[in-house]
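Here's the structure we're looking at; comments come further down.
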Amino acid sequence: QLIRLESLPLRAIETILDCPDIPESVLQSLLGHSREEVRRRAGHLKRRQEEGGVGWTLRLQSLGFFTVHCGSRRVGEDEWRTQKVKLLLAYFAAAWDRKVGEDEILEQFWPESKGATKRSLYVATTELRRLLRPRLEGEACDADYIVREKGSLFLNLQLPVWHDLVEAEELWARAADYEKAGRAEDAASAYRRICNLYLGPFLEGHYMDWVVRRRATWEERATAAARFLSGFSLSQNRPRDALEWSDWALNLDAADLDSHQARLQAYLQLRQPEAVLRHFEAAEKLLRREYGLEPSTAMIELQQRARYGIF
C-alpha cells in the first residue's frame with residue numbers, strides 16, 4: 001500500500017489528507033511517506049484522531065460560504081437562530097486564540113443598539129453554546145465551545161476544533177519560510193494546500209468591515225499562491241499545470257500581469273504561438289479597458305517571440 005501511495009502525485013495525496021476520516025491503514029502508510037510535508041500533515045491528523053477529534057470535532061470553513069460541522073453533521077441553515085448568531089461564531093473563529101472583549105463584540109455587531117445590547121449578546125452566545133455542545137459517543141459533554149472570562153469571550157481550543165483559515169495562515173507562513181530557504185518544491189506544496197482550502201472569498205455573502213478587510217487579504221494571498229505555482233510549473237517544464245494555475249490566479253485578479261506573462265510562457269513551451277497571440281490581444285484589450293494598464297515589457301517580448309516563431 002505504501003508503494004502505491006508513494007506513486008501517487010502530490011496533489012492526489014493532498015486530496016486524501018483533506019478527508020475528515022482517513023482509514024487507519026492509509027494513515028499509517030502516509031506517516032511513513034518519503035516526503036516530509038506529507039508525514040507532517042499525517043502526523044497532525046493522527047494527533048487529532050487520538051485526541052478524539054474524529055468523532056466530534058467542530059469544523060469551521062470560512063474560505064467560501066461559512067459552514068459548520070459538529071462531528072460528521074453539518075449545521076443546517078434552518079438551525080441558526082439568526083445570521084448574526086452564525087456570523088458571531090465566525091468572528092470568534094477568526095480571532096482564534098485571542099480573547100475578545102464584550103465591548104468589541106457589541107461595537108461590531110450591535111453598534112446602533114442602546115439598552116438591550118448586553119442581553120442580545122447573552123442570547124446569541126447561549127444559542128451558540130446550545131447549538132455547538134460537543135458530544136462524545138452520543139453523550140453531551142459538560143464543556144462549551146464558547147467561553148466567558150472576565151468580560152471577554154473566546155473559542156474553547158481545549159476542545160477539538162479545526163478552522164480552515166487558521167490552517168491557511170499556518171501554511172502561508174510556512175510557504176514564505178520555504179521560499180526564503182530556497183525550498184521551492186516544499187513552498188509549492190504549501191501553496192497548493194492553500195489553494196485547495198480556498199473555496200471562495202472569505203465569508204462569502206457577508207460585508208461587515210472586518211469581513212471585507214480579511215477577504216481582501218486572502219484574495220491577494222490566494223492569487224500570490226497560484227502565481228507562484230504557475231511559475232514553479234514553468235520551471236519544472238509543466239506548461240499545462242502553469243496554464244491551470246495562471247487561470248486560477250486570473251479568475252481572482254484579472255489584472256495580474258505576472259499571471260498573464262506565465263500564461264504566454266506556457267503557450268510558448270507548448271509551441272502554440274497562435275494561442276500566445278490570441279491571449280496577448282485579449283489581455284491587452286482587457287487591461288486597457290478595465291484597468292487603464294498596458295501589457296508588461298515581458299509580455300510584449302513573449303508576443304514578439306510567438307510572432308516570429310522563436311521558441
Side-chain angles (χ1 to χ4, degrees), residues 6 8-18 30-48 62-63 93-98 157 162-199 201-202 213-253 255-266 269 296-299 301-302:
E6 285 282 359
L8 289 176
L10 184 57
R11 292 180 71 181
I13 295 290
E14 290 172 339
T15 300
I16 293 172
L17 285 165
D18 285 339
L30 293 173
L31 287 168
H33 198 276
S34 61
R35 292 187 60 81
E36 176 189 350
E37 179 71 11
V38 173
R39 293 195 306 272
R40 188 198 62 78
R41 286 194 56 204
H44 178 67
L45 185 58
K46 177 70 172 176
R47 288 191 295 276
R48 278 177 40 206
S62 296
L63 296 172
W96 195 242
D97 57 358
R98 180 174 69 87
L157 300 183
W162 177 87
H163 188 197
D164 61 348
L165 185 67
V166 173
E167 184 160 337
E169 293 275 5
E170 292 173 352
L171 286 163
W172 179 260
R174 195 177 305 130
D177 289 341
Y178 286 147
E179 279 199 73
K180 289 178 183 176
R183 297 167 59 179
E185 192 167 345
D186 288 323
S189 177
Y191 284 132
R192 274 193 295 268
R193 174 67 179 144
I194 288 172
C195 292
N196 287 340
L197 288 170
Y198 191 85
L199 301 181
F202 175 71
R213 289 194 297 270
R214 187 70 67 93
R215 179 178 298 157
T217 295
W218 272 100
E219 283 184 353
E220 291 175 4
R221 289 180 174 182
T223 303
R227 184 191 305 126
F228 178 92
L229 289 167
S230 61
F232 178 75
S233 298
L234 287 170
S235 72
Q236 301 297 302
N237 198 29
R238 299 202 303 264
R240 296 193 185 280
D241 286 349
L243 287 174
E244 178 183 337
W245 288 118
S246 62
D247 186 58
W248 209 95
L250 290 169
N251 280 332
L252 292 172
D253 181 3
D256 189 69
L257 297 181
D258 288 339
S259 295
H260 283 295
Q261 178 185 333
R263 198 161 188 81
L264 297 175
Q265 287 177 292
Q269 280 193 8
S296 65
T297 301
M299 289 175 62
E301 290 176 354
L302 291 166

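Residue numbers run from 1 in the order of the sequence given. Since this is a predicted model, take the numbers as computed values, not measurements.
- Looking at D253 and S259, their side chains never come closer than 4.5 Å, going by heavy atoms from C-beta outward.
- Closest heavy-atom contact between A190 and A175: CB-CB, 3.8 Å.
- Using a 4.5 Å heavy-atom cutoff, the side chains of R215 and E219 are in contact.
- In plain terms, the two heavy atoms of A225 and I194 that are nearest each other are CB-CG2, 4.5 Å.
- Counting heavy atoms from C-beta outward, L197 and E167 have side chains that approach closer than 4.5 Å.
- When every heavy atom of S62 is checked against every heavy atom of H163, the shortest pair comes out as OG-NE2, 2.6 Å.
- Legend: residues meeting side-chain contact (heavy atoms from CB on, under 4.5 Å) with D177, ordered by chain and number and at least two apart, are absent.
- Q269 places a side-chain N or O within 3.5 Å of a backbone atom of L234 that can act as its donor or acceptor partner.
- A distance of 9.5 Å separates CH2 in W96 from CG in L165, rounded to the nearest 0.5 Å.
- Looking only at side-chain heavy atoms (C-beta outward), W172 and W218 come within less than 4.5 Å of each other.
- Nearest heavy-atom pair across A226 and W248 is CB-CE3, 3.5 Å.
- In this structure, the side chains of R39 and L30 stay at 4.5 Å or more apart for every pair of heavy atoms.
- Listed by chain and residue number, L157 satisfy the side-chain contact (heavy atoms from CB on, under 4.5 Å) test with D97 (two or more places apart in sequence, or in another chain).
- Judged by distance alone, with hydrogens and angles left aside, the side-chain atoms of D164 form a donor-acceptor pair with the main-chain N or O of L63 at under 3.5 Å.
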Does the pair E169 and R221 meet the rule for a side chain to side chain contact (heavy atoms under 4.5 Å, CB included), with working shown? CA-CA 10 Å; E169 293 275 5; R221 289 180 174 182; 2.9 Å; yes

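- Between E170 and R193 there is no salt bridge, since no side-chain nitrogen of the basic residue lies less than 4.0 Å from a carboxylate oxygen of the acidic one.
- Applying side-chain hydrogen bond (donor to acceptor under 3.5 Å, both in side chains) to S246 and the options R227, R263, H260, Q261 leaves one that passes, R263.
- In this structure, D247 contributes its side chain and L243 its backbone to no donor-acceptor pair below 3.5 Å.
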Show your working on side chain to side chain contact (heavy atoms under 4.5 Å, CB included) between W245 and C195 and close with a plain yes or no. CA-CA 10 Å; W245 288 118; C195 292; 3.7 Å; yes

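- Take A188 and apply the side-chain contact (heavy atoms from CB on, under 4.5 Å) test, not counting sequence neighbours, and it matches R192, F228, L229, F232.
- Taking CZ of R238 as the reference point, atom OG of S230 lies at 11.5 Å (rounded to 0.5 Å).
- Looking only at distances, no side-chain donor or acceptor of D186 sits under 3.5 Å from a matching main-chain atom of Y178.
- At most 12 heavy atoms of other shown residues, nucleotides or ligands fall within 6.0 angstrom of atom CD in E185.
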